[in-house]
Amino acid sequence: MNENKTELPEGVPPLTDLYIYAAGSCNLACRHCWITPEFIPNGVGGSFVKIEHAQRAIQQGKLLGLRSVKLTGGEPLLHPQIRQLVTIIEQAGLSLVIETNGTLIDKSLAQFLSEFKHGSFISVSIDGAIANTHDLLRAVKGSFEKAVSGIKNLVAVGYRPQIICTLHQGNISEMAEIIHLAEKLGCNSVKFNHVQKVGRGNTFGREHGIELKKLLSLFHYVETELVPNSSLRVFFDVPIAFWPLPKLLQDAGHRCSIGNIIGLLSNGDYALCGIGTSIPDLVYGNAGKDNLQGVWYSSDGLLRLRKQVPAQLEGICADCIHRDQCQGACIANNFHAKGKLTAPYFFCEVANQENLFPASRKRVSSSLV
């Protein structure tokens, strides 16, 4: 795949994953969105990554070890040249991940995506077991029916997509039904996230988010009741410090890889991830001006990231035995909250303050579990 891969200098990790924020716009106005893209209900107008920027990033990224591209947004399938963009990724011999709200996946697009030759995975956001719950969060009536239709179109051509659900006070009672819906539709997994207090999610999370103690009880509920009774894989977004021992052993190879990822924003900027749309300090260069190799080798922001994470993580993250594996969970969220890369992850910080962080997962403990 990477026959012409460059020998990387000492201390420079391979760039394995490129996250392309293909659209700075979205046809939904989700109340919990952490990026806050422009709302274009009719799909007219909007901002989209230039094809030449994406192509350049992919070509140059392959020399650095690139193996996978994720298309996200905004809503990536709004991109007016989405098929050309997917074809470029396919011709580069890379695997493909698509994160979508599912509303634009008609039979033709599903068939086109199914012909991707190098491994592709699609996740579709469904935030309730019924239309009213989902549509309330997505702020567009009819979005549930369109997302379900999109999933059916994917399943009909051989995909088994993942459903991603963002939990809040208004939908936690539907968790079991969401898993049942995923089973009925032919999905392969369900992932439950919690609201990130960034972008629109900042206000929504404060008003409708779930307190940490309740989140941990929901995680226990998923692991002890929903997982054993489901034919699907079910994931729940909590840091690995809270995983029970059997789950740790089962997923022993799990490791966050923030040091091997770069984001390409819709305006052509290279950034830590989509957080670069609102935090210029996490922008490292621009595909229209800079060679990705130069950015990856010598950007001040990336050099700082490699030096500080995970070695200089602070607070509970410094004390956690999973520090090097977890690497601060979400550096973008940490930076947004505290203005520095080394800040501890809010989830673990609050858990520690409330005496909910497992004492056995602290470095000061002599116990391993």
Counting C-beta onward and ignoring hydrogens, is there a side-chain heavy-atom pair between [X] and [Y] closer than 4.5 Å?
| X | Y | result |
| --- | --- | --- |
| Val69 | Val97 | no |
| Trp34 | Asn202 | no |
| Lys340 | Glu314 | yes |
| Val234 | Phe192 | yes |
| Arg160 | Leu232 | yes |
| Leu282 | Ile331 | no |
| Leu167 | Asp237 | no |
| Leu71 | Val86 | yes |

(message) Pair Ser123, Glu99 - check side-chain hydrogen bond (donor to acceptor under 3.5 Å, both in side chains), show working.
(response) CA-CA 5 Å; Ser123 61; Glu99 294 180 340; 4.7 Å; no
[X] side, atom [atom1]; [Y] side, atom [atom2] - distance, nearest 0.5 Å:
| X | Y | atom1 | atom2 | value |
| --- | --- | --- | --- | --- |
| Ser95 | Phe121 | OG | CZ | 11.5 Å |
| Leu264 | Ile58 | CG | CD1 | 8.5 Å |
| Lys247 | Phe242 | NZ | CZ | 14.0 Å |
| Cys30 | Arg200 | SG | CZ | 7.0 Å |
| Tyr19 | Leu265 | OH | CG | 13.5 Å |
| Lys146 | Asp135 | NZ | CG | 10.0 Å |

What closest approach, in Å, do [X] and [Y] show between heavy atoms, and which atom pair accounts for it?
| X | Y | result |
| --- | --- | --- |
| Trp296 | Pro13 | NE1-O, 2.7 Å |
| His208 | His168 | O-CB, 3.5 Å |
| Ala147 | Ile126 | CB-CD1, 3.6 Å |
| Pro228 | Val222 | CD-O, 4.2 Å |
| Ala182 | Ile163 | CB-CD1, 3.8 Å |
| Gly74 | Cys26 | CA-CB, 4.3 Å |

(request) Show your reasoning for whether side chain to side chain contact (heavy atoms under 4.5 Å, CB included) applies to Val295 and Asn286. (result) CA-CA 9 Å; Val295 172; Asn286 184 277; over 6 Å; no
(request) With Arg83 as the cation and Phe112 as the aromatic partner, state whether NZ or CZ is under 6.0 Å from the six-membered ring centre and within 45° of the axis. (result)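 Output yes; distance and angle both within limits.
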With no hydrogens and no angle check, is any side-chain donor or acceptor of [X] less than 3.5 Å from a backbone partner on [Y]?
| X | Y | answer |
| --- | --- | --- |
| Ser230 | Leu226 | no |
| Arg323 | Cys317 | no |
| Asp127 | His134 | no |
| Asn171 | Glu174 | no |
| Asn229 | Glu225 | yes |
| Lys62 | Ala92 | yes |
| Ser25 | Ser47 | yes |
| Asp319 | Lys362 | no |
| Asn291 | Gln293 | yes |
| Ser298 | Gly294 | yes |

(request) Report the C-alpha distance between Asp290 and Tyr284 in whole Å, list the side-chain angles of each, state the deciding distance to 0.1 Å, and finish with yes or no for side chain to side chain contact (heavy atoms under 4.5 Å, CB included). (result) CA-CA 10 Å; Asp290 305 308; Tyr284 308 134; over 6 Å; no
(request) Show your reasoning for whether side chain to side chain contact (heavy atoms under 4.5 Å, CB included) applies to Asn334 and His336. (result) CA-CA 5 Å; Asn334 302 347; His336 176 267; over 6 Å; no
Does a side chain donor of either [X] or [Y] reach within less than 3.5 Å of an acceptor in the other side chain?
| X | Y | answer |
| --- | --- | --- |
| Thr103 | Ser143 | no |
| Asn333 | Gln196 | yes |
| Ser189 | Gln162 | yes |
| Glu75 | Thr100 | yes |

(message) The test is salt bridge (Lys or Arg N to Asp or Glu O under 4.0 Å); show your working for Lys338 and Glu349 and say whether it passes.
(response) CA-CA 12 Å; Lys338 300 290 181 65; Glu349 184 179 38; 3.0 Å; yes
(request) Could you go through the side-chain hydrogen bond (donor to acceptor under 3.5 Å, both in side chains) check for Ser120 and Tyr159 one step at a time? (result) CA-CA 9 Å; Ser120 55; Tyr159 273 106; 2.6 Å; yes
(message) Would Lys214 and Ile172 count as a side chain to side chain contact (heavy atoms under 4.5 Å, CB included) here? Give the steps.
(response) CA-CA 10 Å; Lys214 178 64 174 179; Ile172 55 177; 3.8 Å; yes
Hey, quick one: are [X] and [Y] part of the same hydrophobic cluster, counting side-chain heavy atoms closer than 4.5 Å, chains of contacts allowed?
| X | Y | result |
| --- | --- | --- |
| Leu28 | Phe204 | no |
| Val155 | Leu104 | yes |
| Phe235 | Leu216 | no |
| Ile261 | Val283 | no |
| Leu77 | Ile51 | yes |

(message) Any salt bridge linking Asp17 with Arg67? Criterion: basic side-chain nitrogen under 4.0 Å from a carboxylate oxygen.
(response)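 Arg67 and Asp17: not salt-bridged.
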(request) Give a yes or no on whether a salt bridge exists between Glu354 and Lys213, defined as a side-chain N under 4.0 angstrom from a carboxylate O. (result)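 Not counted as a salt bridge, because no side-chain N and carboxylate O are separated by less than 4.0 Å.
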(request) Just do the side-chain hydrogen bond (donor to acceptor under 3.5 Å, both in side chains) check on Asn101 and Asn27 with the steps written out, would you? (result) CA-CA 9 Å; Asn101 61 40; Asn27 58 333; 3.0 Å; yes
(request) Count the heavy atoms belonging to other residues, nucleotides or ligands that lie under 6.0 Å from NZ of Lys70, then report whether that count exceeds 12. (result)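 Atom NZ in Lys70 is crowded, with more than 12 foreign heavy atoms closer than 6.0 Å.
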(message) For His180, is the NE2 atom crowded, meaning more than 12 foreign heavy atoms sit under 6.0 Å from it?
(response)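 No, not enclosed.
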(request) Step through it carefully: locate the ring centre of Phe219, locate the ring centre of Phe236, and say whether they are under 6.0 Å apart. (result)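 Yes, ring centres under 6.0 Å apart.
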(message) Quick check: His194 with Phe347 (ring centres under 6.0 Å apart)?
(response)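 Yes.
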